[in-house]
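To start, the structure under review is shown below, and the notes come after it.
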Amino acid sequence: MSRSQTTQKAAIRHFLDLKECSSADLRTILDLGARVKAMQEGRRHPLHPEQPLAGRTLGLIMAQPSTRTRVSFEVGMTQLGGAVTVLSPSDMQLGRGETIADTARVLSRFLDIIVLRTGHDANLRELATWSSVPVINGLTPVSHPIQILADVLTFEEHRGPITGRTLAWVGDGNNVATSLIEAAALLGFSLRLATPEGFEPSHHAVKWAREHGATIITTQDPLEAVKGADAVITDTWVSMGDTDADRRHRLFRPYQVNDALMEHASKDALFMHCLPAHIGEEVSKDVFEGPHSVVFDEAENRLHSQKGLLLWCLGKD
Ligand code: CP
Ligand code: NVA
């Protein structure tokens with residue numbers, strides 16, 4: 001790569017992992033999301049009156065299944081006045097061996113911004129290295145930062161500023177957990193994570209967050225994690241790409257979020273889940289459908305928070 005290409009790349013607003021984002025940028029993205037949401041309250045399919053992304057095109061490359069991520073980006077980009085093309089690697093020359101580097105350089109000539117969901121974190125990094133337009137992480141096995149934008153927006157809508165609050169994660173120390181850990185450092189909330197032995201959250205993420213001032217407690221005891229927490233969060237026991245489902249179901253059984261566990265959280269604790277959920281596994285029906293649950297607000301906020309992200313990535317903040 002030439003020096004001028006490197007210099008030019010420094011200005012690109014990729015969104016690959018929260019730890020590569022500043023607290024100020026994260027707050028800007030969240031505020032933009034809240035603002036565009038407020039503008040459309042009460043209208044069903046509102047177009048942003050100023051069409052700030054008119055003439056811009058988003059490429060959505062989905063190498064794995066998705067409901068929320070795909071639809072929220074498609075709808076969000078459209079509402080902001082832009083266009084979207086959805087791509088599956090199996091329909092692209094990528095599926096026949098064209099390199100990510102070449103794909104990135106070609107797509108950068110057509111598109112203004114790219115979202116990639118991939119089963120290989122290295123593919124996301126490679127795409128961002130060669131792309132001359134912003135690249136957004138649409139989920140990898142390592143992290144899911146866009147999910148946390150929606151989670152924070154949802155928490156703050158229901159309970160006010162997240163800074164200084166305590167959240168609990170129960171279950172698998174997976175990609176969503178990693179991004180939540182990074183958010184704890186950027187936004188100043190405490191996080192307790194209860195995971196079975198062998199499924200602990202990323203050591204690197206915990207270390208990084210602690211070095212950046214976050215209080216992160218890891219334990220194998222769900223009660224310890226949940227005690228007095230302002231929100232209890234879980235996710236599937238078997239993520240995309242996991243091949244040891246039987247073992248996981250056995251080991252995760254004591255980590256189900258149910259009424260008995262929620263009783264140990266704060267009286268008005270929120271229950272959150274990125275979805276899709278598996279009722280009777282990581283969460284009981286009573287909790288999922290009960291008064292603590294804000295999972296569908298959380299799903300809706302994927303749309304609003306990602307509109308904030310699209311605006312930020314394209315310099316419309
Ligand atoms: N939570 C989430 O990312 O959902 P999808 O897999 O449906 O996109
Ligand atoms: N941890 C889950 C999240 C799905 C949105 C997975 O990676 O499959």
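When a ligand or atom number is given, it counts from 1 through the structure's own listing order. This chain uses plain numbering: 1 for the first residue, then up along the sequence.
Here atom 3 (O) of ligand 1 lies nearest to H144 when heavy atoms of H144, Q147, M240, M62 are compared.
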Given the rule in the side chain to side chain contact (heavy atoms under 4.5 Å, CB included) test, do L139 and S66 qualify, once you have shown the distances and angles that lead to the verdict?
CA-CA 10 Å; L139 181 150; S66 166; over 6 Å; no
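Taking CG of L127 as the start and CD1 of I61 as the end, the distance is 5.5 Å to the nearest 0.5 Å.
When non-hydrogen atoms are compared, ligand 2 lies under 4.0 Å from the side chain of N175 (C-beta onward) but not from its backbone.
If you check the side chains of T154 and N301, you find a donor sitting under 3.5 Å from an acceptor. For E282 and T234, the side-chain atoms include no donor-acceptor pair closer than 3.5 Å. For the residue pair H249 / E281, a side-chain donor-acceptor distance below 3.5 Å is found, with atom types taken as modelled. Judged purely by distance below 3.5 Å, without hydrogens or angles, the side chains of D121 and T140 pair a donor atom with an acceptor atom.
Here F199 and F252 bring their ring centres to under 6.0 angstrom of each other. Side-chain rings of W208 and H204 stay apart, their centers remaining 6.0 Å or farther from each other.
Distances between N or O atoms of T67 and those of ligand 1 include at least one value under 3.5 Å. For ligand 1, the polar-atom distance check finds no N/O of L139 at less than 3.5 Å from any of the ligand's N/O atoms. For ligand 2, none of its N or O atoms has an N or O atom of P276 under 3.5 Å away. Of the polar atoms of S239, at least one N or O is found under 3.5 Å from an N or O of ligand 2, judged by distance alone. Backbone and side-chain nitrogen or oxygen atoms of T236 are examined, and none is located within less than 3.5 angstrom of a nitrogen or oxygen of ligand 2.
For D172 and R248, the salt-bridge test passes: some basic side-chain N is under 4.0 Å from an acidic carboxylate O. Under a 4.0 Å N-O distance rule, the pair R125/D17 qualifies as a salt bridge.
If you check which protein heavy atom lies closest to atom 2 (C) of ligand 1, you get R302 NH1, 3.2 Å. The protein non-hydrogen atom at the shortest distance from atom 4 (O) of ligand 1 is R68 NE, 2.8 Å. Shortest contact from atom 6 (O) of ligand 1 to any protein heavy atom: R117 NH1, 2.8 Å. Residue, atom and distance of the protein heavy atom nearest to atom 8 (O) of ligand 2 are M240 N, 2.8 Å.
Between F271 and F288, the angle of the ring planes goes over 60°, which puts this pair in the perpendicular group of the 30/60° scheme.
The shortest heavy-atom distance from Q64 to ligand 1 is not under 4.0 Å. Ligand 1 lies less than 4.0 angstrom from a heavy atom belonging to L275. For L275, the heavy-atom gap to ligand 2 drops under 4.0 angstrom.
Close approach to L139 involves these atoms of ligand 2, each under 4.0 Å from a residue heavy atom: 3 (C), 4 (C), 5 (C), 7 (O). Interface of D235 with ligand 2, defined as ligand atoms under 4.0 Å from a residue heavy atom, comprises 1 (N), 2 (C), 3 (C). The atoms of ligand 1 that sit less than 4.0 Å from any heavy atom of C274 are 1 (N).
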